[in-house]
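Positions are given from 1 along the sequence. Indexing begins at 1, ligand by ligand and atom by atom, following the structure's order. Owing to the predicted nature of the structure, the values given are computational and were not obtained by experimental measurement.
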Amino acid sequence: MALIEWTSDLDTGIQVIDNQHQRIVEYINKLAHAQAHHSREEVAEVLDELVDYTLSHFAFEESLMEDAGYAFVNAHKKVHQLFVKRVADYQQRFKLGEQIEEELINTLRAWLINHIKNDDQDYSDDVRQKMQQAGKPKRGLFKRLFG
Ligand SMILES: [Fe+2]
């Protein structure tokens, strides 16, 4: 059984974000799998992939929040930055040979699940609204011209 099972309370209702979050969950599951099989090389590899992917995801999420004019975008960015720093510290210790895999995986799981369920839910209404509005002018124009 996978470490994290995707449940509907993790959905933000923004398809592109949910897809990215699901991918992050897959990486954490892969990480737990590698650790369970005592493969340090595999843990190192998946960890690099997870960090890369999460950084791109955060950048994408931040640009959506900015576009939507979400009021707490700076606070949310700060939360992302602190997490990135925390993971980089772990990654450094891991690369230096410390046995921190279990602690690292538990931290990733707890932090990301909590972040998705709470912080990300908080911006989802604003971003969804903005995305719906972005679709409207075209329909409006179409109606005016051809309706
Ligand atoms: Fe976020």
- Item | Minimum-distance atom from the Fe ion (ligand 1) among N, O or S atoms of D120 | OD1

- Message: Which label fits H80 and F58: parallel for a plane angle under 30°, tilted from 30 to 60°, or perpendicular past 60°?
- Response: parallel

- Task: May I ask you to check whether over 12 heavy atoms, not counting those of H33, lie within 6.0 Å of atom NE2?
- Result: no

- Is a side-chain donor-acceptor pair under 3.5 Å present for H76 with D120? yes

- Message: Would you say that W111 contacts L108 through its side chain, given a criterion of any heavy-atom pair below 4.5 Å between the two side chains?
- Response: no

- What angle sits at the Fe ion (ligand 1) between NE2 of H76 and NE2 of H115, to 10°? 90°

- Item | Atom name in E61, limited to N/O/S, at shortest distance from the Fe ion (ligand 1) | OE1

